[in-house]
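Before any comments, here is the structure.
Every chain is numbered from 1 and lettered A, B, ... according to where its sequence line falls, protein lines coming before strand lines. Every value quoted in this text rests on a predicted model; they were computed, and no experiment measured them. Excluded from the calculations below are hydrogen atoms, water molecules and symmetry mates; all remaining heavy atoms, backbone and side chain alike, are included.
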Amino acid sequence: MQLSEQERVRRDKLTTLKGMGINPYPADQFHYTHSSTQVKENFEEGKKVVVAGRLMSRRIQGKASFAELQDGEGRVQVYFNRDEICTGEDKTLYNEVYKKLLDIGDFIGIEGELFTTMVGEKTIKVLDFKLLSKSLKPLPLPKKDREGHEYDGFQDAEQRYRQRYVDLVVNPGVKDIFKKRSALFTAMRNFFNEKGYMEVETPILQSIPGGAAARPFITHHNALDIPLYLRIANELYLKRLIVGGFDGVYEFSKNFRNEGMDRTHNPEFTAMEIYVSYKDYNWMMEFTENLLEYCALQVNGTTKTMFKEHHVDFKAPYKRVTMTAAIIQFTGFDITGKSEEELRTAALEMNLEVNETMGKGKLIDEIFGEKCEGKFIEPTFIIDYPKEMSPLCKEHRDNPDLTERFELMVCGKEIANAYSELNDPIEQRERFEDQMKLSQKGDDEATEFIDYDFLRALEYGMPPTSGLGIGMDRLIMFLTNNPSIQEVLFFPQMRPEKKKVELTEEEKVVIDLLKVTSPQALEEIKSKSELSNKKWDKAIKGLRTKDQATVDKTNEGLFVNLV
RNA sequence: GAUCUGAUAGCUCAGUUGGUAGAGCAUCUCCCUUUUAAGGAGAGGGUCCUGGGUUCGAGCCCCAGUCAGAUCACCA
């Protein structure tokens, strides 16, 4: 392993510590009495405390030193004085252990008493300390001056996401995002549980990926010898539970979609779905706005928030705009009663990219998406979607072309989607079949599987039900003013880091030959390499175990491939 | 998938027309008892993302690639 000088120095210190009889990774529990915030909030001059944390900065001035200790809640200043720590003749603990063998990043436990410095900083005077865990890699050290300007920040997005642990240690704002994320989940759970709805779990491995139209990840179950799909949605399973007789069920659902990645899409993301029996989408709208108002308050302490340049207020109630009205408002075009051809012509006149595979629903969605969606900044319910793009939604009670569906738009983005759920099993079957036709026509967003077990469940009877789905990642992006989904996920998906592989001299010879042409006939490359049989064998086996090359047997013979 | 931008010390970043690789912080050594981004003095630390090419000579120019970011496309 290639070590930097600083890493070697820290390993040497580790050895020295062990040589002095100090265990750098002790096993025993460390009993602390106060957290950093408790120290500051319940501050009393002269009070004895025991604290633990990571050493984050040091200012050494000879026989005295100030340092900062960081724990789960924040930082507190500690004061090391040689003669306080080493009361006798032996000054090793201060001169050697503290000054020379500790580093920024080490975890230590401290026993001390509180005092206020001349500059007024609440501080712990160290009477004794103990190394709890030695850190072998130097942390980046961002610093802030009095005006809040940051120096030497750890800001490179790639490094921050790949090494989130470092990001969290060093950038306190990052921790706050995830505390808020957790607070949001707690708030929703409380809101639902208080109303008597039950949190449930449904399968992530599904033999039919249903409930949405999206490209699934596929895997294989060996014992059953069948394909299984990672869920793209949990909707159909939650409705089965409503059929089974629960009044309200909800699930925070990790969903997986094998589609593009960008700052608003991660291959796995979290949705919350809730289904409540005997309700309709009008009830659900009111429920949703109350829910979001409550969540915003719990997370931020206020319903008002900023997202980029937009001021957003989650205070209920929100405006309701029909999709038809929205399209008229922004394009002047009335979609009511229009045929597929008329819609396509209108879309073309608006310079939208449309094609023959698009049905009515898709065309309307395109017009809405391009011309209207981005215009709704304040939370707004868009209601009454065309039937064709909502295969799981009940037909509108007043208009058979529409469905009882709403989406909640915030800052031009969808964050919630809800229906009066379709519970007519015969119509549901027809809608699925229509989707199949769209799919065969080439619409890759249409559902291509029919879940017959779900239809069977509906045939037993599902009460009138309203369902709501909320994109949790998106919502937390809005509540924390983060335009990138990667900032609100602890570990966003990244391309794997390429490990640099150490190759032997013989292996390098073969790789260099493969770089010229690949695949190459085994006998040919072997003679070109001019290696002995034994060395050749070792080299090619080495390359195969290091995943640098493969040997493939074809009708033409054996070939070596560069990976 | 397309376009643009970027990758240099542990971190943040300079690097001129192609001519010995730089700064601040961090690290190491020495001095220093109430500081708060930053006390003083000195020292060490580099696969300039990778692989080719041009050239007497490449961190810099050319080609190919890797990774990331932004914009777009895609996305119930």
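- Which of A76(B), A38(B), U33(B) sits closest to the side chain of Ala64(A) comes down to U33(B).
- With C1' as the reference atom, U47(B) and U5(B) are 24 Å apart, rounded to whole Å.
- Comment: Arg54(A) does not engage Asp106(A) in a salt bridge, judged by the lack of any side-chain N to carboxylate O separation of less than 4.0 angstrom.
- Residues Thr288(A) and Phe381(A) form a side-chain contact, since some pair of their non-hydrogen atoms from C-beta on lies under 4.5 Å apart.
- Side-chain to base pairing of Glu5(A) with U27(B): no donor and acceptor N or O lie closer than 3.5 Å to each other.
- Side-chain atoms of Glu68(A) and base atoms of U36(B) include no donor and acceptor less than 3.5 Å apart.
- Counting non-hydrogen atoms under 4.0 angstrom, Glu414(A) reaches the backbone sugars and phosphates but no base.
- When each of U36(B), U29(B), A76(B) is scored by its nearest atom to the side-chain atoms of Lys100(A), the top-ranked nucleotide is U29(B).
- Nearest nucleotide to the side chain of Asp262(A), out of U35(B), A73(B), C72(B): A73(B).
- Interface remark: the Gln6(A) side chain does form a donor-acceptor pair with the A26(B) base, using a distance-only criterion of under 3.5 Å.
- With rounding to the nearest 0.5 angstrom, the CE atom of Met477(A) is 7.5 Å from the CZ atom of Arg263(A).
- Nearest nucleotide to the Arg405(A) side chain, out of A76(B), U34(B), C11(B): A76(B).
- Contact check, Lys63(A) against U33(B): a side-chain N or O comes under 4.0 Å of OP1 or OP2.
- With both pairing distances under 3.5 Å, A73(B) is matched to nothing as a Watson-Crick or G-U wobble pair.
- The phosphate of C13(B) (OP1 or OP2) has no side-chain N or O of Gln155(A) nearer than 4.0 angstrom.
- Between Arg495(A) and A68(B) there is a side-chain N or O to OP1 or OP2 distance below 4.0 Å.
- The nearest whole Å value for the distance from the CD atom in Glu158(A) to the C1' atom in G6(B) is 11 Å.
- Of all nucleotides listed (U34(B), A68(B), A37(B)), A68(B) comes nearest to the side chain of Met494(A).
- Classification of the Tyr94(A)-Tyr98(A) ring pair by plane angle, with boundaries at 30° and 60°, yields parallel.
- Here Tyr151(A) counts as stacked on A37(B): its ring centre is under 5.5 angstrom from the base ring centre and the planes meet at under 30°.
- Among A26(B), G69(B), U33(B), the nucleotide with an atom closest to any side-chain atom of Gln61(A) is U33(B).
- When each of C32(B), U34(B), C11(B) is scored by its nearest atom to the side-chain atoms of Gln159(A), the top-ranked nucleotide is C11(B).
- The separation between Asn266(A) atom CG and A68(B) atom P is 13 Å, rounded to whole Å.
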Salt bridge (Lys or Arg N to Asp or Glu O under 4.0 Å) between Lys48(A) and Glu113(A), intermediate numbers included: CA-CA 4 Å; Lys48(A) 294 259 195 285; Glu113(A) 61 182 46; 2.9 Å; yes
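- Going from the P atom of A14(B) to that of C61(B) covers 15 Å, rounded to whole Å.
- Nearest-nucleotide mapping onto RNA chain B: of Pro140(A) and Tyr161(A), the residue sitting toward the 5' end is Pro140(A).
- Base pairing analysis places G6(B) opposite C67(B); the two distances defining the Watson-Crick or G-U wobble pair are each below 3.5 Å.
- Computed from coordinates, the Phe154(A) CZ to U12(B) C1' distance equals 12 Å when rounded to whole Å.
- Between Arg10(A) and G10(B), a side-chain N or O to OP1/OP2 separation shorter than 4.0 Å is absent.
- The side chain of Gln486(A) contributes no N or O atom lying less than 4.0 Å from OP1 or OP2 of A68(B).
- G57(B): no Watson-Crick or G-U partner with both key distances under 3.5 Å is found in any strand.
- One interatomic measurement links the two molecules: CZ of Arg82(A) to P of U34(B), which rounds to 13 Å at whole-angstrom precision.
- G45(B) and U27(B): their C1' atoms are spaced 8 Å apart (whole Å).
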Test side-chain contact (heavy atoms from CB on, under 4.5 Å) applied to Met323(A) and Leu402(A), step by step: CA-CA 10 Å; Met323(A) 180 167 260; Leu402(A) 301 178; over 6 Å; no
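- Across G59(B) and U12(B), the matching P atoms stand 23 Å from one another, rounded to whole Å.
- Look at U27(B): its Watson-Crick or wobble partner, with both distances under 3.5 angstrom, is A43(B).
- For the C1' atoms, the distance from U50(B) to G42(B) is 38 Å, rounded to whole Å.
- Taking atom CD of Gln163(A) as the reference point, atom C1' of C67(B) lies 14 Å away to the nearest angstrom.
- Taking the centre and axis of the six-membered ring of Tyr237(A), the NZ or CZ atom of Arg240(A) falls inside the cone set by 45° and 6.0 Å.
- Closest-nucleotide positions on RNA chain B for Asp156(A) and Tyr79(A) were compared, and the one nearer the 5' end corresponds to Asp156(A).
- Looking at heavy-atom distances under 4.0 Å, Glu121(A) makes contact with a base.
- Donor-acceptor pairing under 3.5 Å, judged by distance alone, is absent between the side chain of Asp152(A) and the base of A38(B).
- Between Lys13(A) and C28(B), a side-chain N or O to OP1/OP2 separation shorter than 4.0 Å is present.
- Among the heavy atoms of the strands, none lies under 4.0 Å from Asn417(A).
- Under the 3.5 Å distance criterion, with hydrogens and angles disregarded, no donor-acceptor pair is assigned to the side chains of Arg58(A) and Ser65(A).
- One finds a side-chain N or O of Arg162(A) lying less than 4.0 angstrom from the OP1 or OP2 phosphate oxygen of A68(B).
- The same atom, P, is picked in U34(B) and in C11(B); the two are 34 Å apart, to the nearest Å.
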Carefully, step by step, assess Phe66(A) and Phe80(A) under the rule ring-ring contact (aromatic ring centres under 6.0 Å, His included). CA-CA 6 Å; Phe66(A) 288 93; Phe80(A) 286 83; 9.8 Å; no
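- Remark: P of U36(B) and CG of Leu55(A) are 19 Å apart, rounded to the nearest angstrom.
- The side chain of Gln77(A) sits closest to U36(B) out of C32(B), C28(B), U36(B).
- With P as the reference atom, A43(B) and A23(B) are 11 Å apart, rounded to whole Å.
- For U34(B), there is no paired base (Watson-Crick or G-U wobble, both distances below 3.5 Å).
- Rounded to an integer number of Å, the gap from CD of Glu487(A) to P of A70(B) is 9 Å.
- To the nearest angstrom, P of A76(B) lies 13 Å from CE of Met409(A).
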